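All values derive from a computational prediction rather than experimental measurement. Hydrogens, waters and symmetry mates are skipped; everything else that's a heavy atom, side chains included, is used.
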Amino acid sequence: MDYKRTLNLLHTDFPMRANLPEREPEILARWEQMDIYRLVRERRRGAPRWILHDGPPYANGNIHLGQALNKVLKDIAIKYKTMRGYDCPFVPGWDTQGIPTEQGVEREYGLDRHDVPALAWRAKCRELAMKYVAVQREQFKRLGCRGDWEHPYLTLSPEYQARQIEAFGKMVGRGLIYRGLRPVYWCYHCETALADDEIEYADKTSPAIYVAFPLVDRPAILADLPPNAQVFLVIWTTTPWTIPGNTGIALNPGATYLVLRHNGRFYIVAEELAEQTMQAVGLTPFEKVAEAPGATFEGLRARHPLYDRPSTVVLADYVTLDQGTGCVHTAPGHGLEDYQTAVRYGLPIISPLDDQGRFTEQAGAALVGKVCDQANDDVVRMLSQAGVLLAAGSIVHSYPHCWRCDKPVIYRATNQWFLDIDRLREAALGEIEKAEWIPQWGRTRIAGMVAARPDWCISRQRVWGVPIPAFYCESCGDLVLREDVIAHVASLVAQAGAEIWWEREASDLLPPGTTCACGSTTFRKETDIMSVWIDSGCSHYCVLRTHPELGFPADLYLEGDDQYQCWFQTSLWIACALGDPAPFRTVVGHGFFVDETGQKLSKRKGNIKDPAEICNRYGADVLRMFFTYADFRSKMFLTESILEQVADAYRRLRNTARFMLTNLADFNPSHDAVPYEEMSALDRWALLRMQQVIARMTRAFDAWDLHLFHHELHAFVAAELSAIYLDCLKDTLYTELPDSRLRRSAQTALWHLLLDLTRLMAPIVAFTADEIWEHIRRIDPSLPVSVQLEDWPAVREEWLDPHLEERFEHLLRVRDAATAALDRAKKEGAFTNPLEAHLDIYATDAVLAAMEELGQEELKRFLIVSSLKVHDLREAGQATGDTDLVVTARLADGEKCQRCWQRLASVGEVAGYPELCQRCADCVSQWPGL
RNA sequence: GGGGGAGUAGCUCAGGUGGUCAGAGCGCGUCCCUGAUAAGGACGAGGUCAGUGGUUCGAGUCCACUCUCCCCCA
């Protein structure tokens, strides 16, 4: 006979197969329909605020994996903090202006910015930026991220732009903005200055030449030489085209320099590089004539080999002796260190190039019009003709490239706008000390960067951005840079957007009656715009300070660790420049993904993984779990096998929840729940373990150890619930009468476990947690409509029964010994299914006591066997070695009950039920509805 | 070259103040179950804790150096 009808084999609609790619969009639609963001905010109305300020991603394409990780981590933090009782508004933002969008317009619309008027160009840029805001918004939502997606902040909005201009005005008012001639990275393809953080280093092959600069003055140590002796300083450079900009030669003050004679001429090089240099230029053999420290050469003049002007010997600590000659060609218009040295010595700063990188007339007739680094050969030829070229070769070295067009950049002295970092440095370092940095080394890292960073070049020669609100007098050329004037511009921009700067004449943008000191009333507008890093760096001023639901400072900034150099820093500089404290209390940095070979994922390497594709194959929940699989604070590997592993872990969680849901199908918490005191020891143990797990997982979350959280959760579900507790429960759940105390006790425990597990999962496995929650609500419809409206589980101290825990420590040892014994007996052929086994357990004091206290029937349930007998170890007879626990297994006596499948003595003894044991016979006879 | 990280089983990770600390989960192999079934259970194999020297009675655990890798900067 089939006894299935007399068993509690229940059903759930919760499917085993997740099919997340299809199910998640349905859940999303539900969230949207119930307006989950608003619901959650309302639930926390009046609660303390916790504010995570969204660092704006750049809206110029589909989101990539790093952005997906970033937003999901933010979402996890917000959901966790909300469940912990905080009101967590989340206003997402986008960075929308700047060169990447301009390039996007050229690429996607096939336009050339030189052919399009500024306003039309800006309109195109705006259109493209808005397109990607819309695209990315949907992609972030698809990942399950909760936020005020319909009201994001956008750097291109008039209110944002106006606030940014206002902030600029304040910085001007504080005297922190200046305009100056400085070498900056210049991309002559993009025709713009680039900030340090817009540079990428890549290998480049460059010429490497040795040039002899004839000394005009005579060093003291060579006073004895005949007046007509020819003495040269030997320099080495990889940028011949900067020779026209040479105005000095730098020596290391402490290093020793040698004067070497070859063929009647004298050459000066550093001692450590002498042999190497003379070999390289073929001036052998040579003879040492004299030596002196670099400092003694200071101020001597050499003659520029191409022009009739001097090149002066200067001293600089940065001159190293690991390469070159120890005499460093110094072109102040083409290098930052060179520039700084030049300022110190008063050397001329020459940069004979135009915006397109072509030599101007200042470089002489032979070079004018030629593009700088394509003119290397010309310069080399000229040097050769001048008889000063000693050698020419080539070298592969790391060289700065433009972050957008990937072409090599140059250093070029230009007029730029700067933020005076020196005056802010101390304040910034103080704020860094006060903030919390996760991981901790983030503090050291950013402090080092802040301590060393030079003044910040904030201007760009572009159109798509916020104008630098400055004016110039048309008659005397004086700069008009005043806080009140800027405030006036800001008020105009607030109404009409930054477009007004291009739409109107200067006279319309200035406050009425503005007059220059020279008496003139006609002005022209500055044409530079602000760097996009000013845009995002102002976000705390433009967003946190203005949105009523937000506040300054934010509790958390959370970005990829490249932002130590970028947004974390620019936000801090702007705050300091405005006289504010740091805009963040805590800063969390996360790492990046690498492929199986440890290489960073990048478009160029062609090893990128599209988050959307992962969503389509595995689902957003698997991706979200993957983000917590490894420690996000360092680099993370992304491989197919790891994704598979995470997908397996997901299935385990899902199936365990499904098992619990199934066996709760006939459970009504308000009627059937068993009071804790009356629950079985096994059930109380499960609840005890759950409380411990809650405590540990909460600690992990608070410490940002999300990967520990992940592994803790999974290990608990797999190794304790699934492998032990739920397995032990099956007999009870299936075979006992539906309303039996033992079964209801088990269900009560399952109910608590399922509720807490689902709550714990909610921040990370967001979709599935709510999917489970929906089914939980069928059991208890009084629960809120989404698990997102729930509180984080609190540890029930009263369930942390230390005596119970100690007992189960012993019992788990027994269980380990029992399963091993069962395995041995099974392999010897005693039985195939351990359920049909009999165990003899030999133990001592504490273990014995634990088993006795649990009771025979409960112990049988715990070990999942048909019968067992507990003995004192002394009864074991044969030598037990040094162990205090012996378990043996054999086939149990009696016949197999056809209902519960245990081998029991009572089978065949019960009248009317020849195939059943006593318990099953009783159950069947009382089975409801039979 | 400078600054910041990391290196424990195939994978992802645990291993306060040095002495059962060589662990977990997954994966893998073998077996069981078929009343969680495109599920579930059991057992098993796998690591000289990157390397080399120290300190110590004793070191993944402290010190020095080396190697490899990642990030940022020049």
For a quick check of understanding: with a heavy-atom distance under 4.0 Å over all strands, which category does [X] fall into, base, sugar-phosphate or nothing?
| X | answer |
| --- | --- |
| A:Gln440 | nothing |
| A:His711 | base |
| A:Leu822 | nothing |
| A:Arg5 | nothing |
| A:Asn8 | nothing |
| A:Arg633 | nothing |
| A:Tyr3 | nothing |

Can you find a donor-acceptor pair, distance only, under 3.5 Å between A:Gln565 side chain and B:rC72 base?
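Result: no qualifying N/O pair found.
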Suppose we call a contact any N or O donor and acceptor under 3.5 Å apart; does that hold for the side chain of A:Lys730 and the base of B:rA36?
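Per atom types, the contact qualifies.
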Before accepting this row, confirm whether a basic side-chain N of the pair [X]/[Y] lies closer than 4.0 Å to the acidic partner's carboxylate O.
| X | Y | result |
| --- | --- | --- |
| A:Asp922 | A:Arg919 | no |
| A:Lys730 | A:Asp727 | yes |
| A:Glu836 | A:Lys826 | no |

B:rG18 pairs with, by Watson-Crick or G-U criteria that keep both distances under 3.5 Å:
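No nucleotide pairs with B:rG18.
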Quick check, does A:Phe659 stack with B:rG40? I mean ring centres under 5.5 Å and planes off by under 30°.
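Stack criterion not met.
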Would you say a side-chain N or O of A:Arg445 is under 4.0 Å from OP1 or OP2 of B:rC70?
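The answer is no; no side-chain N or O of A:Arg445 sits under 4.0 Å from OP1 or OP2.
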Distance test, side-chain N/O of A:Arg658 to OP1/OP2 of B:rU37, below 4.0 Å:
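So the side chain of A:Arg658 is within the cut-off, an N or O lying under 4.0 Å from OP1 or OP2 of B:rU37.
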Measure the acute angle between the ring planes of A:Phe862 and A:Phe808, then classify it against the limits of 30° and 60° as parallel, tilted or perpendicular.
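A:Phe862 vs A:Phe808 ring planes: perpendicular.
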